[in-house]
Number of protein chains: 2
Amino acid sequence: MIDTVKIAKALSDPIRYKIMLMLAQGKGECCPISGQEEDFRPGLCNCEFVAATGMIQSRVSYHMKELVDAGLITEEPRGKWKMYFINTKTLKQYCEQLAQDFVVK
Amino acid sequence: MIDTVKIAKALSDPIRYKIMLMLAQGKGECCPISGQEEDFRPGLCNCEFVAATGMIQSRVSYHMKELVDAGLITEEPRGKWKMYFINTKTLKQYCEQLAQDFVVK
DNA sequence: TGCATATATCAAAGTTATTTGATATGATGA
DNA sequence: TCATCATATCAAATAACTTTGATATATGCA
């Protein structure tokens, strides 16, 4: 069962929302990821957000953790980088839960 | 245009989420509203939440204002009471925006 | 009018979240 | 191994949010 309030809290910060948007767009410029493989998924590393937002690294790290904890993104180590991917499944479940709780009566 | 982050913030408090659930259920016991009229909409007054949650009145009032400001509920004075109604339109727009921002790419 | 009830607002206190700077961990590559 | 780079974690400071108790406003009714 998803934690609707926790997901809402994760989405309730403008910086985290922007990070989510960047992940959804999936356009990275910083780290060497390729898009030719069979199982390619767009992902971005921590330093991508540092570059794009001007925030210091520890601040980005804190927000990434919040998003991971809420299940909105997943992380995957790649060498010394860590790649992040948006988790559309959680977003879908979140919307479905909202619909069930509030709309469908 | 809806403010997605603001709506998420309004939904990110467990008390406000509970209030929303109560409004969606629309089962009031405190104030004299009838369900026979042609244009009847289920609504609840402030004191309903005070009774159901044990919170003091000013606290409920604060949270109702947060929900109203986010557009998640509407309010309507009825004599000395104020009735609240869930605004499913905003919830719908919120979900649509999430889908557009994060899922549809 | 005067009293009771319902809600709003305010300031102060309490709590939680965010930011920063420093330091630690862990991987890479010379 | 050693230096470098990317990320994580921590403690302290700051900022934002929530709660409370007191008071104000407004309506309804005797």
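Values below: every heavy atom of this structure, side chains too, minus hydrogens, waters and symmetry copies. In what follows, chains are A, B, ... by sequence order, proteins preceding strands, each numbered from 1. Here the structure is a predicted model, which is why all the values come from computation and not from measurement.
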task: Would you kindly compare A:Glu66 and B:Tyr62 by the position of their nearest DNA chain C nucleotide and give the one closer to the 5′ end?
output: B:Tyr62
message: To the nearest 0.5 Å, what is the distance between NZ on B:Lys6 and OG1 on B:Thr90?
response: 11.5 Å
message: Given D:dT18, C:dA8, D:dA8, identify the nucleotide with an atom nearest to the side chain of B:Tyr84.
response: C:dA8
- prompt: How long is the line joining NZ of A:Lys65 and P of C:dT19, in whole Å?
  reply: 16 Å
message: Just the rounded figure in Å: distance from C1' of C:dT20 to CD1 of A:Ile15.
response: 13 Å
field: Value in whole Å for how far the P atom of D:dT7 lies from CZ of A:Arg78
entry: 13 Å
- prompt: Would you say the side chain of B:Gln57 and the base of C:dA6 hold a donor-acceptor pair, judged only by whether the two atoms sit under 3.5 Å apart?
  reply: no
message: Rounded at 0.5 Å granularity, tell me how far OH in A:Tyr84 sits from CD in A:Glu76.
response: 11.5 Å
query: Mapping B:Ser12 and B:Lys80 to their closest nucleotides on DNA chain D, which lands nearer the 5' end?
result: B:Ser12
- request: Take the protein atom NE2 of B:His63 and the nucleotide atom C1' of C:dT9, then report the distance between them rounded to whole Å.
  value: 15 Å
message: Has B:Ser61 got a side-chain atom pairing as donor or acceptor with B:Ser58's backbone, closer than 3.5 angstrom?
response: no
- prompt: Within the structure, does a side-chain N or O atom of A:Lys9 lie under 4.0 Å from either OP1 or OP2 of C:dA17?
  reply: yes
- request: Please round to the nearest 0.5 Å and tell me the distance separating atom CE of A:Met64 and atom CG of A:Asn46.
  value: 6.0 Å
query: Side chain of A:Ile56: nearest nucleotide among C:dT18, C:dT20, D:dA8?
result: C:dT20
Contact under 4.0 Å: A:Ser61 side-chain N or O vs D:dA8 OP1/OP2: yes
message: Using whole Å, what does the distance between atom P of nucleotide C:dA17 and atom OH of A:Tyr17 come to?
response: 21 Å
Protein-nucleotide distance (A:Lys82, atom NZ; C:dT28, atom P), rounded to Å: 14 Å
field: Nearest-neighbour nucleotide for the B:Ser58 side chain, C:dT18, C:dT7, C:dT9 considered
entry: C:dT9
- line: Rounded to whole Å, the CE-P distance (A:Met55 to C:dT20) equals 9 Å
task: Please determine if a side-chain N or O atom of A:Arg59 lies less than 4.0 Å away from the OP1 or OP2 oxygen of C:dG21.
output: no
task: Please tell me which of the listed nucleotides, C:dA22, C:dA8, D:dT7, lies nearest to the side chain of A:Trp81?
output: D:dT7
query: Rounded to the nearest Å, what distance is computed from the CG atom of residue B:Asp69 to the P atom of nucleotide D:dC17?
result: 12 Å
query: Rounded to the nearest 0.5 Å, what separation is found between the CG atom of B:Asn87 and the CG atom of B:Leu67?
result: 11.0 Å
query: Does a side-chain N or O from B:Asn46 land closer than 4.0 Å to OP1 or OP2 of C:dA8, or not?
result: yes
